[in-house]
Amino acid sequence: MAKRPRIAVVGSANIDLTTFTESFPKPGETIFGQKFDLGFGGKGANQAVAARLCGAEVVMVARVGRDLFGPATIENFKKLGIDATHVKQVDGLSSGVAPIFVEPSGQNRIFVVKGANEALKPADVDAASEALRSADCIVLQFEIPLDTVYYAIGFARKHGIRCILNPAPGQPVKMAALAGLDYFVPNESEAETITGLPVGDIAQAKQCAKRLLAGGIHRVIITLGANGCLLATNDAAEHLPAFPVNSIDSTGAGDAFIGSFAVFLAEGMPERDALQRANLYAALSTTGVGTQKSFCDRIRFEAAWAAQSQVRYASTPH
Ligand code: RIB
């Protein structure tokens with residue numbers, strides 16, 4: 001029986017305001033959207049929820065506003081069994097929010113107003129140090145100040161804790177601060193922003209990963225949406241294809257991938273298996289609307305995994 005991992009997320013919590021639309025208004029124009037959804041989101045919170053639903057003990061370190069959304073966000077963590085001791089309300093800033101627009105194809109466009117997420121400082125990492133030190137893995141993203149991210153990477157390195165960084169949303173980084181990182185997991189556009197190299201196909205993704213590895217990161221995983229992901233180390237690069245599903249909303253799929261991957265890895269699965277499973281967990285999340293509410297629990301995931309494995313086995317020539 002796999003051990004129950006402990007995952008710590010130092011990151012953002014937002015409220016997602018999702019509009020489903022067939023087109024976008026021109027300047028000065030008002031048009032009708034088709035549907036609206038309000039939900040708990042934020043890349044950090046989403047990854048924490050995915051990890052929790054996959055069976056981990058999860059501790060969240062975050063900041064929310066003293067507004068309608070702040071207490072609701074804290075309550076949501078608690079309801080899901082996530083340790084929210086280090087999720088605090090701050091004065092003078094709104095909670096983070098994300099107006100999201102989803103096209104009929106399931107493709108999304110996201111604005112993030114960071115609000116209280118900007119108030120998460122390196123000192124808050126120290127304040128949560130006891131909880132963080134007991135984690136198997138610390139998971140980070142880029143919706144909090146980058147100095148806090150760099151500090152948390154240093155904390156993980158100092159205490160020998162595995163660290164996964166999802167550099168989302170993509171922005172210029174201090175590569176030296178990322179040296180020694182265990183996993184760097186951008187999507188195509190984040191990888192392009194950070195390296196300045198195009199990631200239009202697998203060959204380009206490999207070149208881009210090479211550039212990132214040269215900076216001292218141990219392992220790079222570039223997520224490729226419906227094309228799965230690329231795992232690259234200094235020794236090799238491998239493309240792992242996605243599982244085909246009927247996608248209706250891809251928002252949060254990257255978060256589902258990272259939260260589940262952290263758990264599968266911490267359970268002791270071989271890296272490649274953990275990645276295949278994370279590919280499926282992410283794909284399943286795109287079959288539902290919203291972010292956290294589209295993530296499945298471990299029981300549903302295992303059933304889907306067993307079904308997919310049968311399909312793959314049946315289609316493999318003997
Ligand atoms: O990755 C999806 C998330 O990005 C949304 O939940 C939104 O809040 C933004 O952070």
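Predicted model, so just to flag it, every value in this text is computed and none were measured.
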Assess whether a salt bridge exists between K88 and D124, defined as any Lys/Arg side-chain N lying under 4.0 Å from an Asp/Glu carboxylate O.
no
Between F257 and F261, how do the two ring planes meet: parallel, tilted or perpendicular, split at 30° and 60°?
parallel
Let me check something: do L265 and L231 share a hydrophobic cluster, defined by ILVMFWY side-chain heavy atoms less than 4.5 Å apart, either directly or through other members?
yes
Counting N and O atoms only, with roles assigned by atom type, does the side chain of E192 sit under 3.5 Å from a partner on the main chain of V199, one being a donor and the other an acceptor?
yes
State plainly whether one hydrophobic cluster holds both L280 and L53, where clusters connect Ile, Leu, Val, Met, Phe, Trp and Tyr through side-chain heavy atoms under 4.5 angstrom apart.
yes
Separation of Q308 CD from L284 CG (nearest 0.5 Å):
7.5 Å
With no hydrogens and no angle check, is any side-chain donor or acceptor of R272 less than 3.5 Å from a backbone partner on L240?
no
Side chains of R277 and S260: do they bring a donor and an acceptor to under 3.5 Å?
no
Salt bridge between R63 and E118, side-chain N to carboxylate O under 4.0 Å?
no
Any donor-acceptor N/O pair, D67 side chain to S95 backbone, under 3.5 Å
yes
Check ion pair K43-E190 (N to O, under 4.0 angstrom)
no
For the CD atom on E29, are there more than 12 heavy atoms of other groups (residues, nucleotides or ligands in this structure) within a distance under 6.0 Å?
yes
Between Q292 and N76, do the side chains contain a donor N or O and an acceptor N or O under 3.5 Å apart?
yes
Can you tell me if N117 uses its side chain to pair, donor with acceptor, with the backbone of A13 under 3.5 Å?
yes
